[in-house]
Amino acid sequence: MAENAQNPTTTAGAAGDAGAGGFVRPVLPSPAPSNISNNNNNNNNNNTNHNNSTSRSSSGLPHPRSHALRPGSAKEDKVRNFVEDRLMHMSRRYVKKYALKQPGDTFAGYASMTELCKDLEGLLDILWLSGTPSLQIPYLLNIANDFNTWFTSFPPAPVATFAALRKLDHCFSSLLSGQDIETKETLPGFENGLRHGMSRTDMVRCKSIVEMTRVLIVDVMTKEREPEDVAEEEDGPWTADDTDIEMANDAEDGEDDGEDDDDDDDEDMQMDVARVYENTLVQLGLTLGEGGGVGDIQVSDD
């Protein structure tokens with residue numbers, strides 16, 4: 001009977017075959033649907049958690065972990081050490097770009113803002129994924145401040161620069177409100193309100209950095225762009241044959257769209273410039289409560 005109970009499928013088949021001979025079909029325990037249901041629920045939950053952890057906002061940031069890291073824990077120290085190491089690495093590469101290359105020196109400086117932003121975006125992803133405001137706020141403020149020095153030191157790279165600024169804007173505006181500005185989910189560390197968020201000093205510093213960025217970006221983006229940044233916006237490498245084909249098509253159509261394309265590019269650029277830190281500016285005004293406008297923030301009141 002123990003064997004029958006352990007293998008209900010085999011027992012049921014045998015009983016069915018012997019039914020004509022008068023054998024009584026044994027009463028077997030029915031399968032436990034609750035276990036199957038629980039397994040399915042667990043799988044669904046795991047899939048949901050996996051999707052949440054891998055889903056990204058429109059700014060490209062990953063979904064943060066569900067809870068902030070415990071202060072003083074080994075995991076918090078690990079993230080802090082990682083961020084410090086990456087910032088040091090980026091700082092060295094930035095400084096290296098001004099130094100003369102020595103024979104046998106394999107440590108290369110940044111050749112472009114696009115190259116720097118690739119390192120920066122990975123670092124921003126890690127900070128946001130940590131879901132820990134005590135790490136995010138000070139490091140993001142330092143990064144945003146350094147960013148103003150970085151992007152003014154290279155030829156303009158709009159694609160990479162605006163992508164990084166969108167991530168910073170998403171981070172700051174969400175941390176100021178205590179919830180993700182897109183999904184409206186409460187951020188880790190803000191379950192009990194904004195008391196673990198930005199202090200007023202942080203907000204004033206953030207406002208100063210944001211306003212400086214908006215001033216600098218206008219000047220930088222009027223300069224000649226990086227060749228590699230222009231290439232990122234194309235579908236593929238542009239060849240002489242492509243140019244001949246396009247010119248031939250324009251001749252057949254009897255029109256030249258060059259001026260219209262330039263006008264469209266200028267309009268897109270102006271819109272991108274106007275949107276720099278726009279969500280952060282709105283949240284600063286709302287959070288500080290200075291008449292609803294960020295221009296009324298009084299530094300001396302802190």
Side-chain angles (χ1 to χ4, degrees), residues 48-71 73-91 113-114 116-148 150-151 159-199 202-203 205-207 209-210 213 275-284 287:
T48 301
N49 291 335
H50 175 72
N51 290 334
N52 286 339
S53 63
T54 57
S55 63
R56 288 180 175 264
S57 66
S58 63
S59 64
L61 287 164
H63 193 282
R65 55 182 282 118
S66 57
H67 299 288
L69 297 171
R70 183 169 54 83
S73 65
K75 288 185 178 180
E76 187 195 48
D77 288 341
K78 185 175 182 179
V79 173
R80 180 180 286 105
N81 291 336
F82 175 84
V83 174
E84 292 283 358
D85 288 344
R86 294 309 299 170
L87 285 174
M88 181 64 69
H89 174 80
M90 292 180 64
S91 178
M113 188 61 189
T114 301
L116 185 151
C117 284
K118 288 180 181 179
D119 284 348
L120 176 61
E121 290 203 49
L123 181 56
L124 293 176
D125 287 351
I126 293 296
L127 277 170
W128 193 245
L129 189 62
S130 74
T132 307
S134 60
L135 293 175
Q136 294 168 332
I137 293 171
Y139 281 123
L140 288 172
L141 287 172
N142 288 339
I143 288 171
N145 186 57
D146 290 341
F147 192 78
N148 287 346
W150 293 335
F151 83 83
V159 174
T161 301
F162 287 128
L165 286 171
R166 280 192 293 272
K167 286 191 174 185
L168 285 167
D169 184 36
H170 187 104
C171 292
F172 284 135
S173 56
S174 297
L175 288 169
L176 283 163
S177 62
Q179 62 180 14
D180 189 286
I181 60 169
E182 288 186 7
T183 65
K184 305 306 178 185
E185 295 177 73
T186 299
L187 295 179
F190 290 90
E191 293 83 1
N192 297 319
L194 296 174
R195 62 192 181 94
H196 293 301
M198 285 193 187
S199 66
D202 293 331
M203 294 179 196
R205 185 186 177 200
C206 183
K207 174 182 178 289
I209 294 171
V210 164
T213 305
R275 284 195 289 259
V276 169
Y277 284 128
E278 62 174 348
N279 295 312
T280 301
L281 287 171
V282 170
Q283 289 301 325
L284 280 169
T287 306

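Everything numeric in this text was worked out from a predicted model, so none of it was measured.
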Are [X] and [Y] packed together at the side-chain level, in the sense that at least one heavy-atom pair is separated by less than 4.5 angstrom?
X: Ser134; Y: His196; value: no
X: Leu129; Y: Pro64; value: no
X: Trp128; Y: Leu175; value: yes
X: Gln179; Y: Phe190; value: no

Whether the side chain of [X] engages the backbone of [Y] through a donor-acceptor N/O pair (distance < 3.5 Å, no angle test) should be reported.
X: Thr132; Y: Leu135; answer: no
X: Ser73; Y: Leu69; answer: no
X: Ser174; Y: Cys171; answer: no
X: Asp169; Y: Thr280; answer: yes
X: Gln283; Y: Leu176; answer: no
X: Thr183; Y: Glu185; answer: yes

Ring-plane angle category for Tyr277 and Phe172, please: parallel below 30°, perpendicular beyond 60°, tilted otherwise. tilted

In terms of relative ring orientation, are Phe147 and Phe151 parallel, tilted or perpendicular, with 30° and 60° separating the classes? tilted

Report the residues that fulfil side-chain hydrogen bond (donor to acceptor under 3.5 Å, both in side chains) with Asn145, sequence neighbours left out, ordered by chain and then residue number. none

Taking only residues two or more places apart in sequence or in another chain, which ones pass side-chain hydrogen bond (donor to acceptor under 3.5 Å, both in side chains) with Arg166? none

One pair to check against side-chain contact (heavy atoms from CB on, under 4.5 Å): Asn148 and Ile209. What are the steps and the verdict? CA-CA 8 Å; Asn148 287 346; Ile209 294 171; 4.0 Å; yes

With rounding to the nearest 0.5 angstrom, report the [atom1] to [atom2] distance, [X] to [Y].
X: Ile143; Y: Leu87; atom1: CD1; atom2: CG; value: 5.0 Å
X: Asp146; Y: Ser91; atom1: CG; atom2: OG; value: 7.5 Å
X: Ile137; Y: Met203; atom1: CD1; atom2: CE; value: 8.5 Å
X: Gln136; Y: Leu124; atom1: CD; atom2: CG; value: 10.5 Å
X: Ser59; Y: Leu168; atom1: OG; atom2: CG; value: 9.5 Å

Atom of [X], atom of [Y] and distance for their closest heavy-atom approach:
X: Pro133; Y: Ala68; answer: CD-CB, 4.3 Å
X: Leu120; Y: Ala164; answer: CD2-CB, 4.1 Å
X: Met90; Y: Leu123; answer: SD-CD2, 4.2 Å
X: Leu127; Y: Ser130; answer: O-OG, 2.6 Å
X: Ser66; Y: Glu191; answer: O-OE2, 4.2 Å

Can you find a side-chain donor-acceptor pair between Asp180 and His170 that sits under 3.5 Å? yes

Using a strict threshold of under 4.0 Å (side-chain N to carboxylate O), is an ion pair present between Arg80 and Glu76? yes

Should Asp125 and Lys167 count as an ion pair when the cut-off is N to O under 4.0 Å? yes

Among residues at least two apart in sequence or on other chains, which ones pass salt bridge (Lys or Arg N to Asp or Glu O under 4.0 Å) with Arg65? none

A quick test of your reading: do over 12 heavy atoms of other residues, nucleotides or ligands sit less than 6.0 Å from NE2 of His67? no

